[in-house]
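For reference, the structure discussed in these notes is given below.
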Amino acid sequence: MKEKQGMSEEQEMDVALDGRPYRVRHGTTLAALVSELGHEPQQVTTAVNGTFVRREERGGCVLQAGDAVLLFQPIVGG
């Protein structure tokens with residue numbers, strides 16, 4: 001599990017990121033998580049709890065404790 005300095009347990013919660021436990025601050029949006037992980041927004045596709053989340057909707061998608069977050073690169077080409 002990823003540990004972050006300076007965060008108390010009251011300020012953070014666990015989500016599942018690509019099937020592994022990951023700690024985030026309460027109130028973290030999907031857009032903030034993508035940025036925190038160093039991904040360019042247009043280079044990853046996202047889903048929360050099995051539901052696709054469009055790039056322009058990530059800023060309004062506030063993560064909740066226990067959410068299952070998937071990040072993957074879209075397959076392009078033919």
Side-chain angles (χ1 to χ4, degrees):
M1 190 172 328
K2 183 173 188 259
E3 296 289 331
K4 295 184 182 181
Q5 289 184 315
M7 279 204 292
S8 71
E9 297 231 359
E10 296 83 38
Q11 296 174 317
E12 57 189 15
M13 62 187 176
D14 291 320
V15 297
L17 176 61
D18 294 329
R20 295 180 170 217
Y22 191 83
R23 284 180 106 43
V24 297
R25 283 187 176 277
H26 284 279
T28 297
T29 64
L30 184 55
L33 178 60
V34 168
S35 177
E36 175 182 316
L37 295 170
H39 296 293
E40 290 295 326
Q42 67 277 10
Q43 294 181 344
V44 293
T45 301
T46 55
V48 176
N49 299 324
T51 302
F52 171 74
V53 180
R54 297 171 55 101
R55 187 180 316 133
E56 56 273 7
E57 296 171 348
R58 294 176 189 164
C61 181
V62 179
L63 299 174
Q64 304 296 315
D67 278 350
V69 179
L70 294 175
L71 301 172
F72 46 97
Q73 292 185 339
I75 298 172
V76 294

Indicate yes or no: at least one non-hydrogen side-chain atom of [X] is less than 4.5 angstrom from one of [Y].
X     : Y     : result
Val24 : Leu17 : no
Gln64 : Val48 : no
Tyr22 : Val69 : no

For the student: nearest non-hydrogen atoms of [X] and [Y], plus distance:
X     : Y     : result
Arg25 : Met13 : O-CE, 3.9 Å
Gln73 : Gln43 : CG-O, 3.7 Å
Glu12 : Arg23 : OE2-NE, 2.9 Å

- Could you tell me which residues satisfy side-chain contact (heavy atoms from CB on, under 4.5 Å) with Leu70, sequence neighbours excluded, listed by chain and number?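 With neighbours one apart ignored, the set is Asp18, Ala47, Phe72.
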- Message: I'd like to know if the side chain of Thr46 reaches the main chain of Val53, judged simply by a donor and an acceptor atom lying under 3.5 Å from each other, with no hydrogens or angles considered.
- Response: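 Flag set: sc Thr46 to bb Val53 pair under 3.5 Å.
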- Test item: Arg58 side-chain N/O and Pro41 main-chain N/O as donor-acceptor pair under 3.5 Å: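 Confirmed, Arg58 side chain pairs with Pro41 backbone.
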- Shared-cluster residues of Val62, by chain and number - hydrophobic side chains joined below 4.5 Å: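 Listed partners: none, Val62 stands alone.
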- Message: Let me confirm one number: the NE2-OG1 distance from His39 to Thr45, rounded to the nearest 0.5 Å.
- Response: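 Here the rounded value is 11.5 Å.
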- Query: Which value, rounded to the nearest 0.5 Å, describes the distance between Leu30 atom CG and Asp67 atom CG?
  - Reply: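 The distance works out to 9.5 Å.
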- Query: Considering residues at least two apart in sequence or located in another chain, which fulfil the salt bridge (Lys or Arg N to Asp or Glu O under 4.0 Å) criterion with Arg54?
  - Reply: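 Expected list: Glu56.
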